[in-house]
Amino acid sequence: MEDNDLLKVRLEKIAALKAAGTDLYPNDAKPQNTTDRILQEYGGMDSDGLAKLTQKFSLAGRLMAIRSFGKAAFVKIQDRKGQLQCYIAKNILSEQDFSIFKKLDIGDIIYVSGKLFRTKTNELTLEAESVRLTAKSIRPLPEKWHGLTDIETRYRQRHLDLISNPAVKEIFIRRSLIIRLIRQFMDRHDFLEVETPMMQPKAGGAVARPFKTHHNALDQDLYLRIAPELYLKRLVTGGLERVYEINRNFRNEGISTFHNPEFTMMEFYASYATYEDLMSFTEELFAFIAREIFGKLAFTYQGTEIDLTPPWRRLAVKDALVEIAGMTPDEMADPAKAIDFARNAGCDIKETDPPGKILMAIFDERVEKKLIQPTFVTHYPVAVSPLSRRSNTDPDLVDRFELYISGREIANAFSELNDPADQRERFAAQLKEREAGDDEAHEMDEDYIRTLEYGMPPTAGEGIGIDRLIMLLTDSASIRDVILFPLLRSRTE
RNA sequence: GGGCCGUUAGCUCAGCGGUAGAGCAGCGGACUUUUAAUCCGUUGGCCGCGGGUUCAAUCCCCGCACGGCCCA
């Protein structure tokens, strides 16, 4: 603990309070009210109405401001719902309470009870008949007017951010609401919420670098999951038919405004559905959420209006490459020309990459960012989709879509590959990729193939990046603004 | 990994070769209806860390750490 004067002063106050017999950390304060309810219920009542109330009110929260006049003071109390002004006067409080009040600091957690009135300036205020210290604060809070703006401190000491910046608290309240709405929607559509392993012997279900760990008793390496996919499909095979999971995935990759090593994903699987069914399902889900939180289907993200009104645009990868990346059908059909195009576009590719992979590299480089309004991109190449069902009309394509909004991938969905023989071939192709140096390629997973050999019903599944969705719906520029404790490098002191 | 930017009082920020300033917070005083209360007085700094240049470095140069944005 650093030795600064502000701390010393508070420690001296603590000594004085203790000497006077004050408990600094009592645990018996039971506030009967919250600031928002008082404002909602009595905000419209005039002075005469308030004077007739016989009821007492009590609040507890953090002391955020003190405007003192010597024998009286106005203070602001902040609880989880907001702030309310309280009036503290020497001739109303007991002598003991008033002397305790005089030793309080901004930042202390206090309990106040009394009655409501309106001040000269007509502000609804709680007139304190008793004041108690509930928990002493010995460190000074950030400044009252500018709040806390230092980004590093905001992330490392999120409690200060939440205390000082009401807008931050609102984002996390909205995050919780959105996830609640998603659960509501899934429950209404008869999906079962399940939990599958976070620690897996093989990190499957996606292409990404995993975190590795080790179980001592089993003396076995384990990986933090990069996706729950293969486990959820085991449940579908087991007959649960419609399942979803909202939880963390872990990917051992870079950190950016759109990537946190641990992030929240919802994956869900619906038997007897196809990826096309999931497009309209996704439209309905997003529209439901938007209506609940905005009351409409359009909203602004970072200055651009996003309109979620269905149906959303559906665009095949190849059409996107022609229309947006400016490729000719000839360049697309000829692998050598496609490689040239990719090189010119600045893609990091290898000669040995399969054509589908080259095309997707061009897509990532040239198309992604331009898909601002919600767009389902469809007709993905088999080479980049080892778990998706082959298209009935073209065996080089799969029944898959990715949803793009505001230039970012928000969701990924496909009709599931349930043919074990084809799945084995796909894994084998991934193994070749791995041998060619792609350490993100999917591993062979015999146990999963064995599961498919029991027969998995035709199923469609989807993963929705919850953090990215919440960024959109809270107009947040960085994923760190929607994750309470984003990963930062540890500070060594 | 690369480029650019930032790091000065508890917080928000000035200062940019001559050993540091404001506002808020704090502390002392006045004040019983304030709204960033007001008024008077006042404490507080390894100027991120380590080198270098210089008579002299918060300031210029190099390295490192942490963070931000962009790119890979």
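It should be emphasised that the depicted structure is a prediction, and the values quoted were computed from it without experimental measurement. Chain A is the first sequence line, chain B the second, and so forth, proteins listed ahead of strands; every chain is numbered from 1.
Nucleic acid contact class of A:Glu127 (heavy atoms, under 4.0 Å, all strands): none. Across all strands shown, A:Gly254 has no heavy atoms under 4.0 Å from either base or sugar-phosphate atoms.
Considering only side-chain atoms of A:Lys13, the nucleotide from B:C27, B:U12, B:U33 that sits closest is B:C27. Checking B:G68, B:U33, B:C11 against every side-chain atom of A:Phe117, the shortest atom distance belongs to B:U33. With B:U12, B:C31, B:G26 as the candidates, the nucleotide lying closest to the side chain of A:Leu148 is B:U12. Looking at the side chain of A:Asn91, the nearest of the listed nucleotides B:U32, B:G68, B:U34 is B:U32. Of the listed nucleotides (B:G10, B:C31, B:C66), B:G10 has the atom at the smallest distance from the side chain of A:Pro140. Ranking B:C27, B:A72, B:U34 by closeness to the A:Val9 side chain, first place goes to B:C27. The listed nucleotides are B:U33, B:G67, B:C69; the one nearest the side chain of A:Lys120 is B:U33. You'll find that the side chain of A:Pro142 is closest to B:C11, out of B:C11, B:U32, B:A25. Of the candidate nucleotides B:A65, B:U12, B:U33, B:U12 has the atom nearest to the side chain of A:His146.
Of the possible polar contacts, one joining the A:Arg426 side chain to the A:Ser385 backbone as a donor-acceptor pair under 3.5 Å is found. Here the side chain of A:Arg313 pairs no donor or acceptor atom with the backbone of A:Thr375 at under 3.5 angstrom. For A:Arg434 (side chain) and A:Ala441 (main-chain N/O), a donor-acceptor pair under 3.5 Å exists by modelled atom type.
Nucleotides B:G52 and B:A57 are separated by 12 Å at their P atoms, to the nearest Å. Here the separation of B:G67 from B:C31, taken at their C1' atoms, is 45 Å to the nearest Å. When the C1' atom is compared between B:A36 and B:U19, the two are found 34 Å apart, to the nearest whole Å. Nucleotides B:A14 and B:U58 have their C1' atoms positioned 13 Å apart, rounded to a whole Å. Atom P of B:C13 sits at a distance of 25 Å from the matching atom of B:C71, rounded to the whole Å. Comparing B:A9 with B:G48, their C1' atoms are spaced 15 Å from each other, to the whole Å.
Atom CZ of A:Arg154 and atom P of B:C11 are 15 Å apart (whole Å). Atoms CD (A:Glu143) and C1' (B:C11) sit 6 Å apart, rounded to a whole Å. Rounded to an integer number of Å, the gap from CE of A:Met64 to P of B:A25 is 13 Å. Separating the CG atom of A:Asp5 from the C1' atom of B:G28 is a distance of 15 Å, rounded to the nearest angstrom. Between A:Phe258 atom CZ and B:A72 atom C1' the separation is 17 Å, expressed in whole Å. A:Asp150 has its CG atom 21 Å from the P atom of B:C24, to the nearest Å. Atom-to-atom, CD1 of A:Ile106 to C1' of B:A37 comes out at 12 Å; the value is rounded to the nearest Å. Regarding A:Arg67, its CZ atom lies at a distance of 10 Å from the P atom of B:U34, rounded to whole Å.
For A:Thr119 against B:U34, a side-chain N or O and a base N or O form a donor-acceptor pair under 3.5 Å. Judged by atom type and distance alone, A:Gln85 reaches the base of B:U34 through a side-chain donor-acceptor pair under 3.5 Å. Looking at A:Tyr87, its side chain has no donor and acceptor atom pair within 3.5 Å of the base of B:U34.
In this pair, A:Phe74 lays its aromatic ring flat on the base of B:U34, centres within 5.5 Å and planes under 30 degrees apart.
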CA sep, side-chain torsions, deciding dist, call: A:Lys357, A:Asp438, salt bridge (charged side-chain N to carboxylate O under 4.0 Å, His left out): CA-CA 12 Å; A:Lys357 210 167 162 181; A:Asp438 182 356; 2.8 Å; yes

Verdict with reasoning, A:Phe294 to A:Phe299, per ring pair (Phe, Tyr, Trp, His ring centres under 6.0 Å): CA-CA 8 Å; A:Phe294 300 124; A:Phe299 60 95; 5.3 Å; yes

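Base pairing of B:C64 is made with B:G48, judged by Watson-Crick or G-U wobble geometry with both donor-acceptor distances under 3.5 Å.
Of the N and O atoms on the side chains of A:Gln85 and A:Arg67, at least one donor lies less than 3.5 Å from an acceptor on the other residue.
At B:G28, none of the side-chain N or O atoms of A:Lys102 fall inside 4.0 Å of OP1 or OP2 (strictly under the cut-off).
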